[in-house]
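Remarks on the structure that follows.
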Amino acid sequence: MLEFIKEIRRRNIIRDLKAAPREKKIDNLEEVRTIGLICRLCDEESWNILLHFTKVMESQGKSVHIMALLSKDQNLGFVVTHKSTYICRSKSDINFWGLPSDDSIRPFTERHYDLLIDTIGDENFFAQYIALRTDASLKVVYATPSEDPSEVFDLIIRGDGQVELKDFFNNIVKYLSKIQK
C-alpha cells in the first residue's frame, strides 16, 4: 500500500513538472555546446563507455556534465574521474518519496543544456525528475517499444532490451549530425 501511495505522489510531481513551459530546439551536433548526461553508476565498463563519449564531445569543444545515480547498497569498484560529475546517492540524497535533495542535483539542474541525454534506459522516476527539472533544448532517451517517454523526452531512440550505451551514443551522433544547419 505504501508503494502505491509513493507512486501516486511521484506521478503527481511528474505531471506538475511537465506542465512547465519550455522551448524545444533541435540543433545539428556541431552546434551543440552543452551536454547533460543522466546515468546510473553500475559497472566500470558502462562508466568507461560514458566517459569515452564525454571525452570525445569535450575534445570537440563541448561542455559535458554528468548526473549519476548510485543505488543504495552499491559500492563502486572503480574511480569516477570526470570533473563535472555529480553523484546522487540513493542512501543519503533521496528522501522517502524518492525525490533527490535539491543540494544533490542543483549543480546539474541549474545549467542550460543544448542536449540532455538519459542513459538509464527505463521508465525511471529519478531520470524523469532530473530531465524535467533541467532546462534543455533537446531531451533524448532510449526506450523499448512498450515504453512511452514522449511526454518528458523529445527524441526517443527505440531498441529491444537493455540499452547498449555504445550503440545508443552512436545513434545520437548519427541522427543529430544529419540535421540541417
Side-chain angles (χ1 to χ4, degrees), residues 17-18 20-70 76 78-90 93-94 99-122 124-143 149-150 152-157 163-181:
L17 288 171
K18 284 191 276 190
R22 73 177 257 265
E23 185 177 326
K24 299 175 189 179
K25 181 181 174 195
I26 300 176
D27 285 324
N28 183 287
L29 190 59
E30 289 179 18
E31 297 167 351
V32 169
R33 293 289 160 238
T34 55
I35 300 173
L37 292 169
I38 303 169
C39 70
R40 184 187 327 258
L41 288 178
C42 50
D43 59 66
E44 189 170 6
E45 181 182 348
S46 297
W47 172 253
N48 287 336
I49 292 169
L50 192 122
L51 189 59
H52 176 73
F53 174 78
T54 300
K55 288 180 179 180
V56 168
M57 292 296 113
E58 288 176 337
S59 72
Q60 295 175 8
K62 300 170 188 347
S63 173
V64 181
H65 296 268
I66 301 170
M67 181 79 248
L69 174 63
L70 183 63
L76 287 181
F78 56 94
V79 178
V80 175
T81 55
H82 187 260
K83 66 181 187 290
S84 296
T85 299
Y86 313 99
I87 299 175
C88 186
R89 292 165 178 80
S90 293
D93 296 327
I94 296 182
L99 289 170
S101 69
D102 283 340
D103 290 340
S104 66
I105 64 172
R106 185 177 296 117
F108 184 82
T109 59
E110 68 185 3
R111 302 177 191 290
H112 169 78
Y113 299 101
D114 296 323
L115 174 62
L116 180 70
I117 303 170
D118 171 11
T119 67
I120 292 179
D122 57 8
N124 180 283
F125 175 74
F126 175 81
Q128 290 180 344
Y129 181 77
I130 297 298
L132 289 167
R133 288 279 311 266
T134 303
D135 178 32
S137 299
L138 178 66
K139 298 177 182 183
V140 180
V141 69
Y142 170 88
S150 61
V152 177
F153 296 94
D154 308 311
L155 176 61
I156 301 166
I157 297 177
V163 61
E164 294 292 331
L165 283 179
K166 195 173 187 180
D167 294 338
F168 181 52
F169 287 134
N170 286 337
N171 281 327
I172 291 170
V173 169
K174 179 175 80 175
Y175 295 139
L176 294 183
S177 296
K178 289 182 179 186
I179 293 174
Q180 298 297 319
K181 295 180 185 181

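Position 1 is the first residue of the sequence; numbering continues from there.
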### Query
With Lys62, which of Val56, Leu29, Leu115, Thr34 fulfils side-chain contact (heavy atoms from CB on, under 4.5 Å)?
Leu29

### Query
Atom CG in Asp114, atom CG in Asp135: separation rounded to 0.5 Å?
9.5 Å

### Summary
Test side-chain contact (heavy atoms from CB on, under 4.5 Å), reference Met67, set Thr134, Ile130, Leu37, output is Ile130

### Query
Under the side chain to side chain contact (heavy atoms under 4.5 Å, CB included) criterion, do Ile117 and Ile35 qualify, and how do the steps go?
CA-CA 8 Å; Ile117 303 170; Ile35 300 173; 4.2 Å; yes

### Query
Going through the checks in order, is the side chain to side chain contact (heavy atoms under 4.5 Å, CB included) test met by Leu69 and Ile94?
CA-CA 10 Å; Leu69 174 63; Ile94 296 182; 3.8 Å; yes

### Message
If I take atom OG from residue Ser150 and atom CG from residue Leu155, how far apart are they, to the nearest 0.5 angstrom?
### Response
12.0 Å

### Task
Please check if atom NZ in Lys166 has more than 12 non-hydrogen atoms from other residues, nucleotides or ligands closer than 6.0 Å.
no

#### Entry: CZ-CG distance between Arg22 and Leu132, expressed to the nearest 0.5 angstrom
8.5 Å

### Message
So, using salt bridge (Lys or Arg N to Asp or Glu O under 4.0 Å) as the criterion, who are the partners of Lys83 when residues are at least two apart?
### Response
none

### Message
I need the Arg33 CZ to Glu31 CD distance, nearest 0.5 Å.
### Response
8.0 Å

### Query
Do you know which two heavy atoms are closest between Ile87 and Asp93, and how far apart they sit?
O-OD2, 3.7 Å

#### Entry: Inter-residue atom distance Arg111.CZ - Arg106.CZ, 0.5 Å rounding
12.5 Å

### Summary
All heavy atoms of Val163 vs all of Thr119, minimum pair found to be CG1-O, 3.5 Å

## Note on the structure
Here the pair of heavy atoms bringing Phe153 nearest to Ala127 is CZ-O, 4.5 Å

#### Entry: Any Phe108 side-chain heavy atom under 4.5 Å of Leu116 side chain
yes

### Query
Are Val140 and Ile157 side-chain neighbours, meaning at least one heavy-atom pair lies under 4.5 Å?
yes

### Query
With sequence neighbours left out, what residues match Glu164 under side-chain contact (heavy atoms from CB on, under 4.5 Å)?
Asp167

### Query
Leu176 versus Ile26: any side-chain heavy-atom pair under 4.5 Å?
yes

### Query
Which heavy atom in Ile38 sits nearest to a heavy atom in Ala131, and how many Å separate them?
CD1-N, 3.9 Å

#### Entry: Residue pair Phe126 / Ile120: nearest heavy atoms and the distance that separates them
CD2-CD1, 4.2 Å

### Query
Can you find a pair of side-chain heavy atoms, one from Tyr129 and one from Ile105, that are under 4.5 Å apart?
yes

### Query
Quick check: are there more than 12 heavy atoms from other residues, nucleotides or ligands sitting under 6.0 Å from CD of Glu58?
yes

### Task
Nearest 0.5 Å please: distance from the CG atom of Leu51 over to the CD1 atom of Ile66.
6.5 Å

### Minimum-distance pair of heavy atoms, taken over all atoms of Ser177 and Asn28
O-ND2, 3.1 Å

### Task
Using a 4.5 Å cut-off on heavy atoms from C-beta on, say whether the side chain of Leu50 contacts that of Phe53.
no

### Query
Heavy atoms, side chains only, cut-off 4.5 Å: are Ser137 and His112 in contact?
yes

### Task
Determine whether Tyr113 and His65 make a side-chain contact, defined as any pair of heavy atoms from C-beta on separated by less than 4.5 Å.
yes

#### Entry: Non-hydrogen side-chain atoms of Asp118 and Lys139 separated by less than 4.5 Å
no

### Task
Could you tell me how the ring of Tyr142 sits relative to the ring of Phe168: parallel (under 30°), tilted (30 to 60°) or perpendicular (over 60°)?
perpendicular

### Task
Could you tell me whether the side chains of His82 and Ser84 share a donor-acceptor contact shorter than 3.5 Å?
no

### Any donor-acceptor pair under 3.5 Å from Ser104 side chain to Ser101 backbone
yes

